[in-house]
2 protein chains.
Amino acid sequence: MPEEPKTERGRRTRERIVAAAAGLVERQGAEATSLDQVLAEARASKSQLYHYFADKHALIRAVIAWQTATVVDGTAEQLAGIDSWDGLDAWFDTLVAHQQALDCRVGCPIGSLAAELADTDEAARQDLARSFDTWAAQLRAMLDRLRDRGLIRPDADTAALAQSTLATVQGGLLLAKTSRDPQRLRAALTAAGGYLRSLAPLPGRAAP
Amino acid sequence: MPEEPKTERGRRTRERIVAAAAGLVERQGAEATSLDQVLAEARASKSQLYHYFADKHALIRAVIAWQTATVVDGTAEQLAGIDSWDGLDAWFDTLVAHQQALDCRVGCPIGSLAAELADTDEAARQDLARSFDTWAAQLRAMLDRLRDRGLIRPDADTAALAQSTLATVQGGLLLAKTSRDPQRLRAALTAAGGYLRSLAPLPGRAAP
DNA sequence: ACATAACTGGACTGCGTGGTCCAATCGGGC
DNA sequence: GCCCGATTGGACCACGCAGTCCAGTTATGT
């Protein structure tokens, strides 16, 4: 019953609805966001919404896809440019600055949705798990680069490091959002960076 | 209008309601839990609920207090016994085992509530921030003990380390819950422990 | 120009929700 | 036994919610 838009006009309507929903969900959570709110913000009507989405769950899943495209793919280019400790620190700085600019009010949209929906909406949970996985894969690619440059021990498990780094970032964002204090995020990132640095090849032992 | 219970019977009724609410909120989130659900599970009536709580917000705040008493104060005794790396690892192991036993379905009740309520309910946000703070304080006390035993450099900022450790634990729980995979938590904890160990006094340099 | 499909507006519905109200019951003190 | 406040049961209400429906309008292809 719900279909992809077949015309340019339809595509834009759908996009407007998803973008409005994403903004509201980011600020209030999925459950707390009503469809009427979304439609008011998107300046659209009920029939438009149900023309493109089967129900609210489907809309939320579209929001997840939208946020994934925005957040994860958005950081992809930043991550792709990192090949030194300075580059890593610079990325961390932008994360803290971004939270500070937003008064620590949103944290990570993916993380918030994950916390809310993981035990409620199985399909959404899987989508979010995939988002985290692609994010972790990007982190891992960056860590591989650092390893290839000799900044990290060759035998380090970069996949596991990507997971732990992502975890620390998410946790830091959660604490910062809860306490409205960007320093919580800063502390977390300092630890994440410090751990990676501690995995540098031992200085006294030359490579064979 | 809402009052403290004045009799033993009242105290037990209130407790039953809060416990039922805590269980449901832990599984479904606060917004998704209805008062009727709570009352059915607690085998209580509307008037009983509104006899002790002003409104749903007040009930949720009581749930936060209940979970804080359960989770934070619950780990306090475990944390209090840690004075070595082995002790730390043992605590980490119990965390992973606990998640595994629950099929990674709940994560941390405090963390989940924080993610959901931080930008919606200001009073709840402050309560949760306080919960995190007392949790961090307990972690810090443990880290101070490790430092006093010479396992961590004397100049280490244990307050910041407590924050980062807490962040990594929370993030690991979130990733594990989202992917239904306890290994995500394991990876995060390995990193948290590894970072702390990297702050050991330099072996080649004796204390003055 | 016409047929056909895509899209849109908004009234409408049924239901679950948080919250109110009051009469009934309980139980300890006197 | 009697009193009085603490407690309880549950009917009731107003309302916001997700979801339905259909008549109307706009675009597309030929």
Side-chain angles (χ1 to χ4, degrees), chain A residues 1-22 24-25 27-64 113 116-117 120-124, chain B residues 1-22 24-25 27-64 113 116-117 120-124:
Chain A
M1 208 65 171
E3 294 159 29
E4 294 294 293
K6 312 240 152 125
T7 69
E8 179 58 22
R9 182 161 66 125
R11 224 210 80 256
R12 279 214 295 256
T13 299
R14 203 194 112 112
E15 167 70 17
R16 239 166 52 232
I17 293 173
V18 175
L24 287 164
V25 167
R27 272 175 271 135
Q28 317 175 332
E31 192 79 22
T33 298
S34 77
L35 299 184
D36 288 336
Q37 261 182 306
V38 172
L39 295 174
E41 184 128 331
R43 238 139 338 127
S45 72
K46 270 278 166 75
S47 55
Q48 287 174 292
L49 200 169
Y50 280 94
H51 190 69
Y52 297 113
F53 305 98
D55 54 12
K56 193 182 178 182
H57 285 282
L59 174 61
I60 295 299
R61 294 189 64 191
V63 167
I64 292 172
L113 281 168
E116 183 181 359
L117 301 175
T120 295
D121 184 334
E122 175 61 18
Chain B
M1 208 64 171
E3 293 159 29
E4 295 294 293
K6 310 239 152 120
T7 70
E8 179 57 21
R9 184 162 64 124
R11 224 211 81 256
R12 279 215 292 257
T13 299
R14 204 196 111 111
E15 167 70 16
R16 240 168 50 235
I17 293 173
V18 175
L24 287 164
V25 166
R27 272 176 270 134
Q28 316 174 332
E31 192 79 22
T33 298
S34 77
L35 299 183
D36 288 337
Q37 260 182 308
V38 172
L39 295 174
E41 184 128 331
R43 240 145 329 132
S45 71
K46 271 280 169 72
S47 55
Q48 286 174 293
L49 200 168
Y50 280 93
H51 191 68
Y52 297 113
F53 304 97
D55 53 13
K56 193 182 178 183
H57 286 282
L59 174 62
I60 295 299
R61 294 189 64 191
V63 167
I64 292 172
L113 281 168
E116 183 181 358
L117 301 175
T120 294
D121 184 333
E122 174 62 17

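To find a chain, count down the sequence lines: A is the first, B the second, and so on, and within it residues start at 1.
For the side-chain contact (heavy atoms from CB on, under 4.5 Å) with Glu41(B), the lone residue among Leu24(B), Asp36(B), Thr33(B) that qualifies is Leu24(B).
Distance CZ (Phe53(B)) to P (dG18(C)): 15 Å, rounded to an integer number of Å. Atom pair Leu39(A):CG and dA11(C):P shows a separation of 14 Å (rounding to whole Å applied). Per the geometry, CD belonging to Glu31(B) stands 17 Å off P belonging to dG16(C), to the nearest Å. For the pair Lys46(B) NZ and dG16(C) C1', the computed distance is 10 Å after rounding to whole Å. Between the CZ atom of Arg43(A) and the C1' atom of dG10(C) there is a distance of 17 Å, given to the nearest Å.
A heavy-atom distance below 4.5 Å is found between the side chains of Phe53(B) and Val18(B). The closest side-chain heavy-atom distance from Arg16(A) to Thr13(A) is below 4.5 Å.
Once rounded to the nearest 0.5 Å, the distance linking NE2 of His51(B) with CD1 of Ile17(B) reads 10.0 Å.
At its two ends the helix from dA1(C)-dT30(D) to dC30(C)-dG1(D) runs along axes set 20° apart, each axis drawn from five pairs and the angle rounded to 10°.
Here Arg11(A) pairs with Glu8(A) in a salt bridge; the nearest charged N to carboxylate O distance falls below 4.0 Å.
A donor-acceptor distance shorter than 3.5 angstrom exists from the side chain of Lys56(B) to the backbone of Ala30(B), with no hydrogens or angles considered.
Side-chain N/O atoms of Lys6(A) include one lying less than 4.0 angstrom from OP1 or OP2 on dA6(C). OP1 and OP2 of dT8(C) both lie 4.0 Å or more from every side-chain N or O belonging to Tyr50(A). Thr7(A) has no side-chain polar atom (N or O) that falls below the 4.0 Å cut-off from OP1 or OP2 of dA6(C).
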Contact pattern, 5' to 3', of nucleotides 24-30 of chain C - B, S or - by protein heavy atom under 4.0 Å:
-------
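When heavy atoms are screened at a 4.0 angstrom cut-off, Ser45(A) is found touching base atoms of the nucleic acid.
The nucleotide range of DNA chain D contacted by chain B, defined by atoms under 4.0 angstrom from heavy atoms of the protein and reported 5' to 3', is dA6(D) to dG10(D).
Annotation: of the two residues near DNA chain D, Ala54(A) and Gln48(B), the 5′-most nearest-nucleotide partner is Gln48(B).
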